[in-house]
Each structure stands twice: as structure tokens, then as C-alpha cells.
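Quick note: numbers below take in every heavy atom, side chains included, and nothing from hydrogens, waters or symmetry partners. In listed order, ligands and their atoms are each counted from 1.
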Amino acid sequence: MDYQKILDEIYAEIKPELTRGKVADYIPALAEVPQEQFAMSLTLADGSFYSVGDSKQKFSIQSISKVFTFTLALDIYSKDLYKRVGVEPSGNPFNSLVQLEYEHGKPRNPFINAGAITVTDTLVSHYGSEEKTIQGIMDFLCLISANEELYFDPIVAASEMEHGDRNLALARLMRSFGNFENDVHETVLTYSKHCAITMNTEELSRAMLFLAFGGTDPITGKIITSPSRAKRINAVMLTCGHYDASGEFAFNVGLPGKSGVGGGIVATIPNKMSLSVWSPGLNKYGNSHAGTIALEKFTTKTELSIF
Ligand code: GLU
């Protein structure tokens, strides 16, 4: 298949969509990102990759980082992790407090904010401090993306903390139900830092490759996680990766994927490739407007959805 031609076509078709959607502004540092940008990359098992648009432009990966922290925590805690966080779609906005209250402080899944903060809490317990946890997450990300040059943006992390009342409230609510182990501020700071990691679509599609290939990086041969865990992580991406628009994403795109409010989306096509797309304008659910349409066009043109 001529992937470059398909990506070029998608880029041409997507251009009118780049003015639609709205850049996230509840984290002020993200509001400064110019909206009319677009990039899409895919990586194949032999290491070849294809890109279009601003694919070297780094952006805030935000909730995409939750795929990596979930993978790490699952490897550390195995099934015990599910005592702290479920795997059901929430059908609620990403930062909702309501469901957490009536479900006694156990978040529905690791990709809504409450669930991801719980996962971060388990990692802080494991690594022992905020600094060591961030180091552990960065080391893991460097391993899976075969790239030593990854960082988080301290300005975005600080901006999120300054406006992080909701995330702090979620953590406090979980603590009140006994589902929290570490200092609330330290844990939410760790969470904000991993959300503030910056990557481009080339790096992200490379980092997701192990999840398209049953947990083993097909380029290096390294086992990153077990096939069973890779299956479960993909399943949670499919059912919970786009908040309350997860059903719509499965319906229109038909791939396991995870979005972030920085405008990035990652997706896997099992045993074929991993993909990443970025465009900062978000739809009303907080998912990239043009990015979602681009992925829908990709699976339509290639007939490579999982269904
Ligand atoms: N750091 C963001 C928050 O907690 C992540 C949200 C997202 O990317 O969906 O609000």
C-alpha cells in the first residue's frame, strides 16, 4: 500500500477542518498553541515510517501519557491494579467528580483523570517519590520510543497545577474513600508532569509500536509487556480512550486509540502498525477535531480498521 500517498491525500482533504474545533484553554499554557497545525505519522514493524505535516513539531501529549503509565503500573502490580481502578467506559467527561462520588472513590478506568491519578499514585508508591516516579516514566518512554531525548515541559506542568483544582479535588475525594496512598499534591504534580511530556507524531507512533505487536517491540525485539497485557491495554484504549466519545471513535475509526487535550491521538492496528495524529483544535468532547477525522479517513481509505 502506498502509505505516503494516503497520508498526503488526508492532509489535503483535512485542511478546511483545521480552523474548526477549539484549542484547550483550561490549561492556560496550552491555549497559546497556534490552532492551524496538523501532523500524522505511522510506523511499521520493519522500522519504516511515513509522515505528513508538522511531524517534527513537539506538542503536549497530555492524556496520551496515561497509556504509558497504565502499562508501567500493570507490569508492576498485575491484577492487583484493578482493585484500585476499573476498566469500564465512564460515559462521563474526563474530569468528572460525580461518578467518583457515587462509586465510592474507585475510578471507572485508567484513562479518565481520576483513574490516571490513581495509577500515578500506585507509581509514586512503587518508586518512592515524585522525582523517582517521573524518572521511571521517562526511562520507560525512552525505552519504548528508542529515543533518549524526551522531556516534559515545566511551564505546562506548572500551568496545569495552578489551575488543577479539579484534579486535586478528584484525588482528595479518592483519599476520603481510602483509595489514595500518597500526598495528594505530590501525586497530582507527578501526574501533571507526565501529562506535560512533549513529543511529536513520529516519536509517538514509534512509542506505540509495541502495543500494535502484542507487547514486543518488533524493531528491537525487546519484550515491553506480555501479550495478555498488551491485549488488555488495547481493549481499554478501544472502550475508554476517548472519554465520553469512545463509542463514537470506535464506531467511526474502528481502532484502539487514546487522545489528549494537547490535540494528539495515538492508535494501533494490531500486527500492522502504530499511528499518531496531531491537530490542536478540539471537538466538544476534548478530542482533536481534525485528528479524529484524519484517522477515520485513514481506516476508510486503507480498510484497516480492526472490524
Ligand atoms: N492533564 C490533563 C488534565 O488532567 C489531561 C486531560 C486530557 O488530556 O484529556 O486535565
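Counted by atom type alone, Glu203 and Asn147 present one or more donor-acceptor pairs between their side chains at under 3.5 Å. If you check the side chains of Ser41 and Ser51, you find a donor sitting under 3.5 Å from an acceptor.
Note that Lys66 lies outside the cation-pi zone of Phe68, set by a 6.0 Å cut-off to the ring centre and a 45° limit from the axis.
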Give every pair made of an N or O atom of ligand 1 and a protein N or O atom lying under 3.5 Å apart, one pair per line with both atom names and the distance to 0.1 Å, or write 'none'.
from, atom 1, to, atom 2, distance (Å)
ligand 1, 1 (N), Gln62, OE1, 2.5
ligand 1, 1 (N), Glu160, OE1, 2.7
ligand 1, 1 (N), Glu160, OE2, 2.9
ligand 1, 4 (O), Asn113, ND2, 2.9
ligand 1, 4 (O), Glu160, OE2, 3.1
ligand 1, 4 (O), Asn167, ND2, 2.9
ligand 1, 4 (O), Tyr191, OH, 2.6
ligand 1, 8 (O), Ser63, N, 3.0
ligand 1, 8 (O), Ser63, OG, 2.7
ligand 1, 8 (O), Val261, N, 2.8
ligand 1, 9 (O), Ser63, OG, 2.8
ligand 1, 9 (O), Tyr243, OH, 2.4
ligand 1, 10 (O), Tyr26, OH, 2.5
ligand 1, 10 (O), Asn113, ND2, 3.3

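For the side chain to side chain contact (heavy atoms under 4.5 Å, CB included) test, residues two or more places apart in sequence or in another chain that qualify with Lys301 are Ile6, Glu9, Ile10, Glu13, Lys297.
Applying the under-4.5 Å side-chain rule to Ile, Leu, Val, Met, Phe, Trp and Tyr, the cluster around Val98 extends to Tyr102. With a 4.5 Å cut-off between side-chain heavy atoms of Ile, Leu, Val, Met, Phe, Trp and Tyr, the cluster of Leu97 takes in Leu100, Ile117, Met161, Leu168, Leu170, Leu173, Met174, Phe177, Phe180, Val184, Val188, Leu189, Tyr191.
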